[in-house]
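Encoded as structure tokens, the structure appears first; notes follow it.
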Amino acid sequence: MKKAARPDPAWLDSQYNNRALVPEHGVHFERWKTDSQRARTQLGGLLDVAYGHGEGEKLDVFPAQRKPDAPLAPVLVFIHGGYWRSLDKADHSFLAPAFVKQGACVVVPNYALCPAVTIPDITLQMVQALAWVYRHIAVHGGDRRRITVVGHSAGGHLAAMLLACQWPAVAADLPPDLVKNALSVSGVFDLEPLRHTPFVADSLRLTPAQVKKASPALLPAPPLREGRGALFSVAGGNESSEFLRQNQLIQQAWGSQVVPVAEALPGLNHFSVLEALVQPRHRLNQLAKQLLKV
């Protein structure tokens, strides 16, 4: 049988190199940085809390605005993107004010970056971060029974991986439904194309075994349980055909019951789609609120 032809590397670069696809990406990054500095000043919060002892294993906590006798707040854990090899939690504090105002406790973890670590290593760091959130977030006013994970780009991939995690196998005190639901913004769910994409291949150093282990679309769908299992997947309508394909792929792989939303949001690119998350009347913000139940 004739072996399927491998996609052209130049074509893969044209599909997955979002900074090249969006020449004004620097404007977005500068806006995120400025708005994040403002958010940390305004909200205070607890910065650089250790959830482990390894490189990058720290997180920021922004408690909800709630009265002392109010019920514990739903928890939004946001995982940043950057192709698992760049950016930082400090670039993404700008997401916190909108959700804190809407009654959520926001947690933004960091992780070590490729090539110093692998994508499976990063996934396990995020497992460790979520275990920390489950065990400690009540001290900061968050309800550990209402954890939603939101991620952008590489973070969207990690959000799906956390939904699929078999938590009791990680530790006996962790429930199967630790992550109630997840929202992936411009996520990548099959890592195989990135193994052959020149601009990231050298830093990601993906192997076939890692692709199989860490591609959500190649893993069994998370079982639907009461209050757990839903993944909403969105991408910007102006993103590349591959990102739009990846966005649909996870629904095809896991089914429309587990992934009831797989949408392309009109007029948005790979970076502006993240900014839509904090716009109160935007569809993306509404989806996040739906998962958080705020």
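Since the structure is predicted, the reported quantities are computational estimates derived from the model, not experimental observations.
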Is the distance between the ring centroids of Phe78 and Phe99 under 6.0 Å?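 No - the distance between ring centres of Phe78 and Phe99 does not fall below the 6.0 Å cut-off.
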Atom pair [atom1]/[atom2] of [X] and [Y] - distance to nearest 0.5 Å:
X: Leu158; Y: Gln125; atom1: CG; atom2: CD; result: 10.0 Å
X: Leu124; Y: Ile119; atom1: CG; atom2: CD1; result: 12.5 Å
X: Asp143; Y: Lys180; atom1: CG; atom2: NZ; result: 8.5 Å
X: Leu163; Y: Trp254; atom1: CG; atom2: CH2; result: 5.5 Å
X: Leu174; Y: Tyr134; atom1: CG; atom2: OH; result: 7.0 Å
X: Ser272; Y: His28; atom1: OG; atom2: NE2; result: 5.0 Å

More than 12 heavy atoms of other residues, nucleotides or ligands under 6.0 Å from [atom1] of [X]: is that the case?
X: Asp8; atom1: CG; answer: yes
X: Gln257; atom1: CD; answer: no
X: Gln37; atom1: CD; answer: yes

Donor-acceptor check, side chain of [X] to backbone of [Y], threshold 3.5 angstrom: yes or no?
X: Glu242; Y: Gln15; value: no
X: Ser203; Y: Pro115; value: no
X: Gln65; Y: Lys101; value: no
X: Arg40; Y: Ala90; value: yes
X: Gln246; Y: Asp190; value: yes
X: His282; Y: Glu275; value: no
X: Thr34; Y: Arg31; value: no
X: Tyr83; Y: Tyr16; value: yes

Determine whether [X] and [Y] fall in the same hydrophobic cluster, where Ile, Leu, Val, Met, Phe, Trp and Tyr are linked whenever their side-chain heavy atoms lie under 4.5 Å apart.
X: Val261; Y: Leu291; value: yes
X: Leu287; Y: Leu244; value: no
X: Met161; Y: Tyr111; value: no
X: Leu72; Y: Val61; value: no
X: Val179; Y: Leu59; value: yes

Is the shortest side-chain heavy-atom distance between [X] and [Y] below 4.5 Å?
X: Trp167; Y: Pro175; answer: no
X: Ile122; Y: Cys114; answer: yes
X: Ile250; Y: Pro216; answer: yes
X: Leu218; Y: Phe189; answer: no
X: Met126; Y: Val77; answer: no
X: Leu178; Y: Cys165; answer: no
X: Asp173; Y: Arg135; answer: yes
X: Lys58; Y: Lys89; answer: yes

Is the closest side-chain donor-acceptor distance between Asn247 and Ser233 under 3.5 Å?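 Side chains of Asn247 and Ser233: pair found under 3.5 Å.
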Would you sort out whether Asp13 and Thr197 count as a side chain to side chain contact (heavy atoms under 4.5 Å, CB included), showing the intermediate values? CA-CA 6 Å; Asp13 262 1; Thr197 303; 3.2 Å; yes
Check the pair Leu95 / Leu274 against side chain to side chain contact (heavy atoms under 4.5 Å, CB included), numbers first and verdict last. CA-CA 9 Å; Leu95 296 164; Leu274 181 58; 4.2 Å; yes
Looking at every non-hydrogen atom in both residues, tell me the closest pair between [X] and [Y] and how far apart they are.
X: Ala235; Y: Ser186; value: CA-OG, 3.8 Å
X: Glu24; Y: Asn269; value: OE2-ND2, 3.8 Å
X: Asp48; Y: Asp60; value: N-OD1, 2.8 Å
X: Pro97; Y: Ala39; value: CG-CB, 3.6 Å
X: Ser240; Y: Leu21; value: CB-CD1, 4.0 Å
X: Ala160; Y: Leu231; value: CB-CD2, 4.3 Å

Salt bridge check, Asp177 against Arg145: does any charged N sit closer than 4.0 Å to a carboxylate O?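 Looking at Asp177 together with Arg145, the answer is no, because their closest N to O distance does not fall below 4.0 Å.
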Are Glu30 and Lys33 ion-paired here, with the side-chain N under 4.0 Å from a carboxylate O?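 Salt bridge: no.
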What orientation do [X] and [Y] show, parallel under 30°, tilted 30 to 60°, or perpendicular over 60°?
X: His136; Y: Trp132; value: tilted
X: Trp84; Y: His157; value: perpendicular
X: His152; Y: His270; value: tilted

Starting from the C-alpha separation in whole Å, work towards a yes-or-no answer on side chain to side chain contact (heavy atoms under 4.5 Å, CB included) for Gln128 and Val170. CA-CA 9 Å; Gln128 191 175 1; Val170 176; over 6 Å; no
Steps toward side chain to side chain contact (heavy atoms under 4.5 Å, CB included) verdict (Phe232, Gln290): CA-CA 10 Å; Phe232 289 179; Gln290 183 178 334; 3.6 Å; yes
